[in-house]
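Shown next, in structure tokens, is the structure this report addresses.
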Amino acid sequence: MRTDRCGDLRITDVGRTVTLCGWVDRRREHGEHLAFVDLRDRSGVVQLVVDGAHDLRSEFVLRATGTVRERPADTANEALATGEVEIEIEAVEVLSVAEPPPFPLDERTDIDEVLRLRHRYVDLRRPRLQHNLEVRAQVNSAVRRAMEEQGFIEVETPMLVASTPEGARDFVVPSRKEPGSFYALPQSPQIFKQLCMVGGLDRYYQIARCLRDEDLRSDRQFEFMQLDAEASFVSQEDVLGFISFAVSAAAEAVTGERPGDIDRISWEEAMERYGSDKPDVRFGMELIELTEVFANTEFRAFQTPCVKGIRVPGGSDISRSRLDDLTDRCKAWGAKGLVWMRVTPDELDSPVDKFLTDDERAGLRTAMNAEVGDLLLLVADERRTVRHILGLLRLELGRPPLTAGGLNFLWVVDFPLFEGLDDVGNPIPAHHPFTMPHEDDIVLLDDGDRLAIRSQAYDLVLNGWELGSGSVRIHERDVQEKIFSVLGIGSEEAQAKFGFLLDAFRYGTPPHAGFAFGMDRLTAILAGEENIREVIAYPKTQSGTDPLTSAPTSIDDRHLEELGLRLLPPTD
RNA sequence: GGUCCUGUGGUGCAGUUUGGAGUGCACGCCGGCCUGUCAAGCCGGAGGUCGCGGGUUCAAAUCCCGUCAGGACCGCCA
């Protein structure tokens with residue numbers, strides 16, 4: 001149908017007769033007998049010269065035949081890859097007419113996202129999305145190659161799986177053959193990949209679709225893609241190496257530059273310094289320990305297990321109303337309050353200054369390296385709360401745009417095995433119940449401080465986004481049973497929930513470890529996008545709807561009947 | 001479950017604080033002119049449920065209440 005793609009034509013093609021197909025990008029008429037038509041396909045745009053263009057409107061689909069010629073002197077367009085040539089058209093066929101698009105296809109304006117999604121097929125024509133989907137394909141391809149180079153084989157796992165009560169809310173699919181029973185769509189292939197290890201596949205990977213019925217965000221969709229991997233006879237160190245290699249390959253495929261070694265930080269240090277288990281290390285404003293400074297304070301608000309602060313350089317000009325707003329935010333996040341202090345030449349300008357001793361003022365200034373013009377923000381509470389609040393406050397005040405400052409990968413290691421206790425007093429697994437405790441801390445399982453047990457679990461962070469996580473798994477049945485017992489899961493319950501995994505472990509289980517990271521998130525950052533919807537061809541809105549297809553939709557009664565389902569009346 | 005922001009011709013905005021005729025800007029669309037443009041240019045024209053409902057008022061895009069949609073975030077996401 002065509003001989004060339006629009007964007008490929010160069011000065012070396014002059015003299016050739018070519019046939020091109022594409023969309024009318026723009027048209028410039030100069031009277032009855034001269035018009036320029038920019039023809040666009042995925043490869044780019046080329047200028048057609050036609051004798052009158054009244055019937056060639058925006059977004060018409062054309063097939064045009066003509067001769068490539070050099071543009072006349074001084075009319076080349078340097079901004080265009082094809083700008084040195086133009087096509088003198090001999091014949092044009094309109095393959096398809098088009099109504100004016102519902103929004104402009106140029107990149108100069110931000111269009112309402114619902115409108116873009118409703119007409120996604122038009123939106124996809126824009127260079128931005130064409131580029132993003134190309135980046136996505138490059139990332140997929142590079143990651144596949146990287147994993148295969150390291151001896152991993154691709155294995156597909158089912159989409160209709162058994163629901164498990166742990167973790168995120170499942171999407172469920174009613175069973176027709178067994179009315180009243182349901183499949184779940186996989187939150188991840190976690191169990192299956194471990195079974196692959198028992199199955200002797202040695203090194204498994206998959207770019208897997210995962211589904212979680214939880215509230216959506218700019219970095220979260222109901223369905224998302226993960227590079228999912230698992231390997232036998234490997235240590236945590238090996239896994240970090242595999243994954244570092246894969247994400248570096250992806251980055252290199254997109255940027256042309258291979259990132260250097262990825263830094264590491266322990267979970268404990270991340271929480272202490274950044275108040276987050278996914279620290280954005282692209283900027284300072286670290287959390288500073290002040291508990292000792294106020295150890296003997298008379299100021300009641302600081303008579304807490306922990307006091308920490310952040311220093312906002314030059315922040316003393318932040319208005320009182322903004323400070324009130326920040327205080328309100330901190331309270332909404334769970335703080336009792338926020339103490340602010342403006343650093344002036346000879347004093348601390350603060351509502352609480354009168355409660356502090358000279359020693360405390362001096363100690364504070366020293367600890368925080370306070371300089372005139374700074375703003376100091378302090379929170380006092382339980383250590384866990386202080387870290388959390390200041391971590392959020394730090395991002396609120398200092399976080400650069402997601403894609404600023406290059407790629408800052410970071411490994412967070414030595415996660416705790418448990419994070420807090422549930423209502424009944426049982427520990428809650430921080431990662432999942434198959435995570436191997438840190439060797440040095442295993443003794444604490446029996447009668448130690450269980451919340452102090454570290455695990456062999458690790459996260460990969462990029463510019464403050466959690467890219468993914470993994471762990472060394474428990475491969476010994478007795479250790480697994482011990483963990484279940486600590487978690488308060490009885491053997492019957494464990495058998496009911498994970499029996500098939502425990503059964504499998506009876507038949508010869510290799511030590512194994514794995515990881516999974518979000519392809520959408522990695523792609524977004526590599527494409528320079530703040531929002532993963534921009535790198536997904538057909539994403540959903542924050543409320544989980546698809547303006548293009550109107551999903552989710554109701555289904556008819558016969559369909560429900562067949563599945564053995566009846567709807568409850570709507571609640572008011 | 002919660003907090004905050006947004007909603008005005010096809011598109012992007014201004015107008016809302018301080019109520020006074022659907023007022024304005026840019027793009028697009030339709031028609032005309034135009035033989036070297038490339039965000040072409042010039043002239044003319046069409047196009048409106050100010051998201052929706054209610055209230056206050058002589059009068060509401062503007063103030064109040066409710067509601068819908070979208071977005072950002074907190075919770076949630078083993």
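Residue numbers start from 1 in every chain, and the chains themselves are labelled A, B, ... in the order their sequence lines are given, proteins ahead of strands.
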N or O in side chain of T541(A) less than 4.0 angstrom from G70(B) OP1/OP2: yes
Given RNA chain B, 5'-ward residue of the pair P429(A) and R71(A), judged by closest heavy atom: R71(A)
Rounded distance in Å between the P positions of G54(B) and A61(B): 14 Å
Partner nucleotide, any strand, of G45(B) [Watson-Crick/G-U, under 3.5 Å]: C29(B)
Residue-phosphate contact under 4.0 Å: Q542(A) side-chain N/O, A72(B) OP1/OP2: yes
F36(A) aromatic ring stacked with six-membered ring of U37(B), 5.5 Å and 30°: yes
Identity of whatever pairs with G24(B) - Watson-Crick or G-U, under 3.5 angstrom: C13(B)
Sugar-phosphate, base or nothing in reach of R126(A), heavy atoms under 4.0 Å: nothing
Neighbours of RNA chain B within residues 112-125 of chain A, by heavy-atom distance under 4.0 Å: D112(A), E113(A), V114(A), L115(A)
Touch class at under 4.0 angstrom, heavy-atom based, for R217(A) against every strand present: base
Touch class at under 4.0 angstrom, heavy-atom based, for E396(A) against every strand present: nothing
Sugar-phosphate, base or nothing in reach of A430(A), heavy atoms under 4.0 Å: sugar-phosphate
Sugar-phosphate, base or nothing in reach of D213(A), heavy atoms under 4.0 Å: nothing
Between U16(B) and C63(B) - P atom distance, rounded Å: 9 Å
SB check E84(A) R71(A) (cutoff 4.0 Å): no
I191(A) or D215(A), whichever maps to the more 5' nucleotide of RNA chain B: D215(A)
Do any N or O atoms of the protein come closer than 3.5 Å to N or O atoms of nucleotides 25-32 of chain B, and which pairs are they?
from, atom 1, to, atom 2, distance (Å)
C30(B), OP1, R57(A), NH1, 2.6
C30(B), OP2, R57(A), NH1, 2.9
G31(B), OP2, R57(A), NH1, 3.4
G31(B), OP2, R57(A), NH2, 3.2

C1'-based separation of A59(B) from G41(B) [nearest Å]: 45 Å
Counterpart base for U62(B), defined by Watson-Crick or G-U wobble contacts under 3.5 Å: none
Residues E223(A) and R209(A) bridged, charged N to O under 4.0 Å: yes
Opposite nucleotide pairing with A72(B), Watson-Crick or G-U, both atom distances under 3.5 Å: U3(B)
Whether W411(A) and Y458(A) hold their rings parallel, tilted or perpendicular, with breakpoints at 30° and 60°: perpendicular
Nearest-angstrom distance, C1' atom, U3(B) to G12(B): 28 Å
Sugar-phosphate only, base, or nothing, as touched by A73(A) at under 4.0 Å among non-hydrogen atoms: nothing
Nearest-Å distance once atom C1' is located in both C50(B) and U8(B): 4 Å
Sugar-phosphate, base or nothing in reach of Q190(A), heavy atoms under 4.0 Å: base
Counterpart base for G19(B), defined by Watson-Crick or G-U wobble contacts under 3.5 Å: none
Listed nucleotide nearest any side-chain atom of T109(A), set U35(B), C34(B), G12(B): G12(B)
Salt bridge present between R394(A) and D280(A) (N-O < 4.0 angstrom): no
Side chains of N531(A) and S218(A), donor plus acceptor under 3.5 Å: no
Aro-ring/base stack H30(A)-G36(B), d under 5.5 Å, angle under 30°: no
Listed nucleotide nearest any side-chain atom of A168(A), set U37(B), G75(B), C77(B): C77(B)
salt_bridge(E466(A), K278(A)) N-O dist < 4.0 Å: no
Lys/Arg N to Asp/Glu carboxylate O, R521(A) vs D219(A), below 4.0 Å: yes
Heavy-atom side-chain contact between F222(A) and F171(A) under 4.5 Å: yes
Sugar-phosphate, base or nothing in reach of T545(A), heavy atoms under 4.0 Å: sugar-phosphate
Distance-only polar pair, side chains of Q226(A) and S188(A), donor-acceptor under 3.5 Å: no
Sugar-phosphate, base or nothing in reach of T75(A), heavy atoms under 4.0 Å: base
Nearest-angstrom distance, C1' atom, G51(B) to C5(B): 16 Å
Pairwise P distance, A40(B) and C29(B) [rounded to whole Å]: 10 Å
No-hydrogen, no-angle side-chain donor-acceptor test under 3.5 Å, T327(A) and D324(A): no
Pair Y204(A) and F192(A), ring centroids less than 6.0 Å apart: no
Phosphate-side-chain proximity, R220(A) and C73(B), N/O vs OP1/OP2 below 4.0 Å: no
Whole-Å distance separating the CH2 atom of W333(A) from the P atom of G75(B): 10 Å
Sugar-phosphate, base or nothing in reach of N531(A), heavy atoms under 4.0 Å: sugar-phosphate
Ion pair check, R27(A) and E29(A), cut-off under 4.0 Å: yes
Rounded distance in Å between the P positions of G1(B) and U62(B): 29 Å
Contact under 4.0 Å: R28(A) side-chain N or O vs A40(B) OP1/OP2: yes
